[in-house]
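These notes are about the structure you will find just below.
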Amino acid sequence: MTTMTEHLFYKTATELSALLEKKEITSVELTKAFIERTKATDDSVKAFLSYDEADALAQAEASDKRRAEGKPLSALDGVPVSLKDNMAVTGQPHTCASKILEHYVSPYDAHITEQLKKAGVVLWGRLNLDEFAMGSSTENSAFQTTANPWDLERIPGGSSGGSAASLAAGQTPLSLGSDTGGSIRQPASLCGIVGMKPTYGLISRYGLAAFASSLDQIGPFAHTIKDVALLLGIIAGHDRRDSTSYKTEIPNYVEALESKKGPWTIGVPKEYFGEGLDPEVKASVEKAIAFYKDQGCTIKEVSIPKLDLALPTYYIIATAEASSNLARYDGIRYTHRSEDTKNAIDVYFKSREEGFSEEVKRRIILGTYVLSSGYYDAYYLKAQKVRTLIREDFMKAFESCDVLITPTTPTTAFKRGEKSADPLQMYLSDIYTISVNLSGLPGLSLPCGYSSEGLPIGLQLIGKPYEEAELLSIAHAFESAHDYSAKHPEL
Amino acid sequence: MEYEAVIGLEVHVQLKTQSKMFTRARCAYGEAPNTLTNPVVMALPGALPVMNKEAIRKTVQVGLMLGCEIAQSCKWDRKNYFYPDSPKNYQISQYDQPICDGGFVEIEMPGPSRNVMGEHRKVKLTRIHLEEDVGKLTHYDGESLVDYNRAGRPLIEIVSEPDLFSADEAFAYLTSLRTHLLYLGVSDCDMEKGQLRCDANISVRPKGQKELGVKVEIKNLNSISGVRNGITYEIKRQIALCQKGEGASIVQETRSWDADKGITFSMRSKEMAHDYRYFPDPDLMPVRVSEEIKKTLADALPERPFAKQERFMKEYNLPYTITSVLCPDKALSDYFESAVKAHNNPKAIANFIANDLLRELSNAGCDMAHPLEGCKIQPEALAELAKLVDEGMISKQIAQDVLVIMFETGDAPEKIVEEKGLKQSSDTGELESICSEVIANNPKPVQEFKDGKDTAINALKGQVMKATKGKANPKMVDDILRKLLS
């Protein structure tokens, strides 16, 4: 069993599903394998904020019983899935990596949690993040800094750093993250795995602690596109508890992978290949473009002229919404409350002073400022208008393209502490992903090479709204012809 | 110099809906604290709002009733401020695009006497918007408790123009607004339960001057009388300052009405006014209010209260006083019309309702917002009672007694008359002998009558009625007495 277990933790969810289906393994066995792997590696990776072994094993036992009765709830019945610690699961911590929610336990399930439970997955651990998903390196967690499994001195990206690192380290076969400005795609790229941010509205945000409501979107992490398709099919779909949830037919994404074969028209937005892009990253992405050309796809240079406005636009809208969304963490009901209080004002000021980190405070202050009377028109309203212009740029490009191809990040994973003193440098690591959130489009990152230092490089594919099936097919065509996804870090 | 007051009212009304404004948690009164909550009401991490369509429909109904322009779409904004009764520390409200724009409330001013209709006037509205209510704070010494049962209930804010010029007008406005809302059934408007709350903006200016004076906002006017008394006090306070030449000391501020001391006192000045940082709520999409829905709701509007009152006076030939009892309550006026449909004697039926039925209801301690709730007398039964009087079966006096029994038992009037043997006596022979006896025993009124004082006969009639326990047919008694005395 030892060799079996060793192999298990880097198997894809699709492979694990087949093993369970053929009864070659039980959910309890594979859950134990991931528990052991987590225990063996998480002292150095630090991807998990918490987990409950007994609870996971109880879920696995229930799954095995269903499988034994020939009544699995889905292909993923019995396969572990881990969640970023900003999604609600009844009875589990929901800290958002913040001291202000350190002792909060959720009394309810997020929509995605309900969907996962209906599919019979084993909900495994709670994954680290930048506090309230604000950051690009997972260094802003109030509790621990997650390491990149490819080089423990480097950051895994963020804010869903725990979700990406745990997959790359073989601690979970599937995970979920949230992406407000690149928080799924950037860490997926830096950790050499696949991560997808679906179209805004495809997955209910009910139960996802809000950072910036109009930008936040939950999405899957996996080793392969097929695994992403499998997990996406379970969590996508309308939910009446989220007014921004879109009513649309959910296709079978896995079947669609093989049925859509191109050739596609692939747009290359020139603004993504300019200054600041690492030459090795650039070379890898260009190789990927050449691959598609060889496959008979039409490669077309396109332009997103307003791209340079994406970063300031994003930081106005995201912080404005955050300043309001985070007001509920006030020391009154369920959060940390300062012990040193004399009146209600003290409760607010001191609890928030003690409970929020510097980065969160910085964004709350910035957001409060841009919404203040006299500044609203100059900042927030203008940013909303620019946002519309950026989206129009994309929609224009999509008039002649099926998909856009870009690097996911300007560089490979940087060293811990390298950018944490300079917020602007940190913000720039999301330069290629942010505009996708502003436009509400689906985007994914998949491995497309390794740097001379052996660090993963990611390719970003951006699709048309609600055309996830097409986007996944295009990514799948690249992935099937390469073996980047099969490579794993040595831990 | 003579001064006049200018008043604008901001009235908050809780809408009567099954569930809260942005979630399915139940709406109710008097439940144990913090039981009408869920993750959305408590603003737990990840909870999201979803709007209650019924609340929008009800607000559109109010707008249509009050002649407002109805917006084509319903947009939501966040009003940001920290307060422990507000779970999210922002309130979902409507800032620049209220559902209802403009409109008016028709008011009636007190007439020259109780029996004469007063002057009518249309008070202009600025807007009506929809928002969510906050929780309730209770302060004990050194401790504050908060109950979120009320938090998230749908609340409409009806803002008038500065178009009221006295405490009496403000009172008339509030009364009429309340009547209109009760007609629609969108709220019970019980001020004691906080279902209707009123803030007043008051300024004074020299009579004849066009520009408005400095505006002072008065809060905590928690009852209808509080509104009248608070406004009266504040107007006097401001005018007194002006007359002393201290008009400049009136500053833009928020003051609170203390009903016990009968004064207003300063709560906060303009400098401490909040910057609410309004912005469109990204969790909620604007919702189109279709022409079709507007038309359906407009077609289903009830007759407006003052139109009904006018019709009652014309169609049923009722006096103003009685219509002003019947018409402010839609259920009561409907009750009246149902009874009239069953027996066409509007005057008798209106009197039974206004005098007898309402007295019994009040004695029984009914809820004055719904006086007829649980009333055992159906309008048809009341009509039957009036019919028995009209057919000479019972006297009016007996009918009043029968009504009391009907109110208690819910029995049909015929059954009561039958069982209690209350049928009016029309036996001429028996009545004649009683009348003769009464004449023999009451020489004084007999003499007076014979001396030409016609009303003296009433004393004799009273004696006959007493002897017959009210069962005698009064018309016959009159005839017999006159015959015997002539």
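Numbers restart at 1 for each chain; the letters A, B, ... are given by sequence-line order, proteins then strands. Since the model is a prediction, treat every value here as computed from it, not as a measurement.
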Name the member of B/Val146, B/Asp281, B/Val50, B/Leu44 that forms the most heavy-atom pairs with chain A at distances under 4.5 Å. B/Leu44
Are A/Arg362 and A/Glu359 close enough for a salt bridge, meaning some N to O gap below 4.0 Å? yes
Check ion pair B/Lys294-B/Glu291 (N to O, under 4.0 angstrom): yes
Part of [X] lying under 4.5 Å from any heavy atom of chain B:
X	result
A/Ser204	neither
A/Tyr375	neither
A/Ile332	side chain
A/Asn325	both

Hey, does the side chain of B/Asp283 reach the backbone of A/Thr244 with a donor-acceptor pair shorter than 3.5 angstrom? no
With a 3.5 Å distance limit and no angle check, can you tell me whether A/Gln217 reaches the backbone of A/Ile203 through a side-chain donor-acceptor pair? yes
Would you mind telling me which of [options] has the largest number of heavy-atom pairs within less than 4.5 Å of chain B?
options	value
A/Tyr348, A/Tyr206, A/Tyr380	A/Tyr348
A/Gly374, A/Ala88, A/Ala209	A/Ala209
A/His111, A/Arg240, A/Met87, A/Glu321	A/Arg240
A/Ser373, A/Ser214, A/Ser106, A/Ala320	A/Ser373

In this structure, are over 12 heavy atoms from other groups packed under 6.0 Å from [X] atom [atom1]?
X	atom1	result
B/Tyr29	OH	yes
B/Lys75	NZ	yes
B/Glu31	CD	yes

Show the numbers, then the answer: is there a ring-ring contact (aromatic ring centres under 6.0 Å, His included) between A/Phe211 and A/Phe132? CA-CA 6 Å; A/Phe211 160 16; A/Phe132 289 107; 9.0 Å; no
Only one of A/Asp239, A/Asp242, A/Asp179 passes salt bridge (Lys or Arg N to Asp or Glu O under 4.0 Å) with A/Arg205, and that residue is A/Asp242
Quick one: what part of [X] sits under 4.5 Å from any heavy atom of chain A, side chain, backbone, both or neither?
X	answer
B/Tyr148	side chain
B/Asn80	side chain
B/Val287	neither
B/Pro39	side chain

Listing, residues 134-144 of chain B side-chain donor-acceptor contacts under 3.5 Å, not counting sequence neighbours, or none:
{"unit_1": "B/His139", "atom_1": "ND1", "unit_2": "B/Ser144", "atom_2": "OG", "d": "2.7"}

For residues 96-103 of chain A, which side-chain N or O atoms pair as donor and acceptor with protein atoms under 3.5 Å away, sequence neighbours left out?
{"unit_1": "A/Ser98", "atom_1": "OG", "unit_2": "A/Ile100", "atom_2": "N", "d": "3.2"}
{"unit_1": "A/Ser98", "atom_1": "OG", "unit_2": "A/Glu131", "atom_2": "OE2", "d": "2.9"}
{"unit_1": "A/Ser98", "atom_1": "OG", "unit_2": "A/Gly355", "atom_2": "O", "d": "3.3"}

Proximity of residues 89-98 of chain B to chain A, residues having a non-hydrogen atom under 4.5 angstrom: B/Asn89, B/Tyr90
Listing request: all salt bridge (charged side-chain N to carboxylate O under 4.0 Å, His left out) pairs with a residue in residues 103-113 of chain A, at least two apart in sequence or in separate chains. A/Asp109-A/Lys117
